[in-house]
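Okay, so here's the structure we're looking at.
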Amino acid sequence: MSFNTISVVGLGYIGLPTAAMFASRKKKVIGVDVNQHAVDTINRGEIHIVEPELDMIVHAAVKEGYLKATHTPEQADAFLIAVPTPFKNSDSEIPEPDLSYIKAAAEAIAPVLKKGDLVILESTSPVGATEQMAEWLAEVRTDLTFPQQVGEESDIRIAHCPERVLPGHVVHELVENDRVIGGMTTMCSQAATELYKTFVEGECITTNTRTAEMAKLTENSFRDVNIAFANELSMICDKLDINVWELIKLANRHPRVNILQPGPGVGGHCIAVDPWFIVSKTPDEAKLIHTARTVNDAKPDWVINKVKLAIADFLQANPTKTAKDITIACYGLAFKADIDDLRESPALNIAQQIVEFHSGKVIAVEPNIKRLPNKINSLQLSKLELAKNTADIHLLLVDHREFKNNSLKNNYLIDTKGI
Ligand code: SAJ
C-alpha cells in the first residue's frame with residue numbers, strides 16, 4: 001500500500017504537528033481546517049499555535065511545497081481526523097462527549113473518498129466513536145463498502161490511533177512515543193501502521209478500535225486519579241500541619257510508589273475532560289474515576305477559601321486597613337508550567353473569581369503572555385518584581401521557571417505548587 005497524498009482534517013495542537021511530520025518526510029500533505037485564519041497562516045509558512053520547533057518544520061514544509069492548507073477536503077490516499085472532542089452540557093453532573101466535530105469532519109471527507117483509502121480517527125474519543133464515524137461515512141457513500149459491512153474486503157479501511165503527545169514536547173513525542181493502532185479489521189491496522197511508520201520511531205502496537213479508544217482514556221484517567229490523590233493529600237496535610245511536598249517526596253522513595261504533584265486544580269483540554277468520556281458511558285462502574293474528577297474540580301474552591309482566610313488574617317494584623325487596601329498578586333495563569341495556554345486553566349479561573357469577590361486590587365504575573373485575551377478584561381497583568389514589591393497577599397498558582405528562581409518570602413503567601 002502506498003500513501004502518496006495524506007490529508008489531515010483539523011489543524012490544531014495535534015493535527016498541524018502531525019501534518020508537518022508527514023510533510024517533513026516528503027509526503028504530499030493537504031491540511032484541512034474550517035478556521036480561515038489557520039489556513040491563511042499555515043499557507044504563509046507560519047503557525048497559529050505555540051509549540052517549540054514546530055514553526056521551522058511548517059515553514060520548510062510549506063516552502064518546499066509538501067504542505068498546503070485548505071478549507072475544503074480534496075482527494076487523498078489517507079485521511080487523519082484530528083478535530084476537538086469537547087463535552088456538551090458541562091454544567092450537568094456528568095458531562096457527555098460532543099461528537100459533532102467528528103461528524104462534520106466525516107461528512108466533509110465522505111464525498112472525496114475513493115476505493116482503497118484509509119480513514120484514521122485521531123481525536124480522543126469515547127468508546128464506540130470510531131464505529132459511529134464509520135457509520136456516518138457509510139451513510140453518505142452507499143457506493144463504497146466499509147469494514148462494518150464486509151470486514152477485510154472493504155473498499156475503505158478505518159482505524160482509531162489516538163494521539164498521546166504532551167503539549168510543549170509534541171515534535172519529539174510524535175516521533176518517539178509508541179503508538180496504539182486500533183483497526184476495525186487486521187488489514188485496517190496494517191494499513192494504519194504502514195502510514196505511521198513514515199515518521200514514528202516508537203513501536204506501533206495493534207489492537208481493535210474500542211481498546212484503542214479506551215487505552216487513551218485510561219492513560220489520562222490514570223493521571224487524573226493520581227493527581228486527585230495528591231490533591232486530597234494536600235488538603236489532609238494542610239489540616240495536619242504537614243508539608244505535602246516533603247511527604248510525597250519521601251513516599252516516592254518507595255520503589256513501588258509514584259505520586260504526582262498537588263496544585264490548584266487540573267486544567268487543559270485532556271486530563272480534565274477525557275475521564276468524563278468513561279464516566280458518562282459507565283456511570284455505575286466508574287466510581288473512582290468520577291470521584292477523582294470531583295476532587296480535582298473542587299480544588300480551586302479550596303484555594304479561594306485559603307485566599308479569604310489570608311485576607312481575614314491580614315485585616316486582623318492590620319486593624320487600620322480594610323479589604324479595599326489589600327493588593328493580591330496571582331503568579332501564573334496558564335494551565336500548567338512554562339506554556340502560554342490559558343484554556344481550562346484553574347489558575348485563571350481562581351484569579352477571575354478573586355477579582356469578583358475582592359474589593360481591592362488584583363494583579364497577575366504571567367511571563368508567557370504579553371497581553372490577555374480581550375474577554376479577560378478583569379485582570380491586570382504586572383511584572384514579577386512589581387508584584388513582589390507591592391502586593392500584600394501572594395498567591396502562587398503555576399510553577400513557571402521564572403517563579404522557581406525567585407523566592408517570595410512573605411507572611412501572606414499561598415503556594416499551591418510547593419515552590
Ligand atoms: N498536573 C498536576 N500535577 C501533576 C501533573 C499535572 O496538578 O503532577 C496538572 C497540570 O498542572 C495541568 C493538568 O494537570 O493543569 C494537565 O497537565 P498534564 O501535564 O498532566 O497533561 P496535558 O493535559 O498537558 O497532556 C496530557 C498527557 N497525558 C498523559 O500524560 C497521560 C499527554 O500525553 C496527552 O497526549 C494529552 O493529555 C492529551 O492530548 O490527551
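All ligand and atom numbering here is 1-based and tracks the order in the structure.
Among Thr416, Ile271, Ile227, the residue whose heavy atom lies nearest to atom 14 (O) of ligand 1 is Ile227. Summarising the contacts of atom 19 (O) of ligand 1 with Lys336, Glu344, His169, the nearest heavy atom is found in Lys336. Distances from atom 16 (C) of ligand 1 to the heavy atoms of Gly267, Gly268, Gly263 put Gly267 nearest.
Residue Lys114 places its NZ atom among more than 12 non-hydrogen atoms of other residues, nucleotides or ligands, all under 6.0 Å distant. Enclosure of atom NZ in Lys383 is not indicated, since only 12 or fewer non-hydrogen atoms of other residues, nucleotides or ligands lie within 6.0 angstrom.
For Glu173, no nitrogen or oxygen atom sits less than 3.5 Å from a nitrogen or oxygen atom of ligand 1, counting backbone and side chain alike. Residue contacts with ligand 1: Val165 is placed with a nitrogen or oxygen under 3.5 Å of a nitrogen or oxygen of the ligand (distance criterion only). The shortest N or O to N or O distance between Leu260 and ligand 1 is not below 3.5 Å. Geometrically, ligand 1 and Arg164 share a nitrogen or oxygen pair separated by less than 3.5 Å. At under 3.5 Å, not a single nitrogen or oxygen of Thr124, backbone or side chain, sits near a nitrogen or oxygen of ligand 1.
For the residue pair Glu53/His172, the side-chain donor-acceptor check at 3.5 Å is satisfied. No side-chain donor-acceptor contact under 3.5 Å links Asn368 and Asp340. No side-chain donor from either of Glu122 and His160 sits under 3.5 Å from a side-chain acceptor of the other.
Remark: of the listed residues Tyr331, Phe314, Tyr412, Phe403, Tyr331 is the sole one forming a ring pair (Phe, Tyr, Trp, His ring centres under 6.0 Å) with His394.
Taking every heavy atom of Glu163 and a limit of under 4.0 angstrom, the matching atoms of ligand 1 come to 35 (O), 38 (C), 39 (O), 40 (O). Within the listing of ligand 1, atoms 23 (O), 36 (C), 37 (O), 38 (C), 39 (O), 40 (O) sit less than 4.0 angstrom from a heavy atom of Cys270. Every atom of ligand 1 with a heavy atom of Pro167 under 4.0 Å away is listed here by number and element: 24 (O), 25 (O). Near Glu219, with a cut-off below 4.0 Å to any heavy atom, the atoms of ligand 1 are 31 (C).
At the top of the distance list for atom 28 (N) of ligand 1, counting protein heavy atoms only, stands Asn220 OD1, 2.9 Å. The protein heavy atom nearest to atom 4 (C) of ligand 1 is Gln261 O, 3.6 Å. What sits closest to atom 11 (O) of ligand 1 on the protein, heavy atoms only, is Phe335 O, 3.3 Å. Ranking protein heavy atoms by distance to atom 27 (C) of ligand 1, first place goes to Leu166 CD1, 3.7 Å.
Only the side chain of Arg223 comes within 4.0 Å of ligand 1, judged by heavy-atom distances.
Under 4.0 Å is where a charged nitrogen must lie from a carboxylate oxygen, and between Lys388 and Glu385 at least one such pair does.
For the pair Val112/Glu74, no side-chain contact is recorded, criterion being any heavy-atom separation below 4.5 Å from C-beta on. Looking at heavy atoms from C-beta onward, Val50 lies out of side-chain contact with Asp341 at the 4.5 angstrom threshold.
The salt bridge (Lys or Arg N to Asp or Glu O under 4.0 Å) pairs that include a residue from residues 26-41 are Lys26-Glu64, where partners are two or more places apart or lie in different chains. Within the structure, salt bridge (Lys or Arg N to Asp or Glu O under 4.0 Å) contacts touching residues 215-241 (residues at least two apart or in different chains) are Glu163-Lys216, Arg164-Glu219, Asp224-Arg293, Asp238-Lys306.
Using 4.0 Å as the threshold, Lys216 has a heavy atom nearer than that to some atom of ligand 1.
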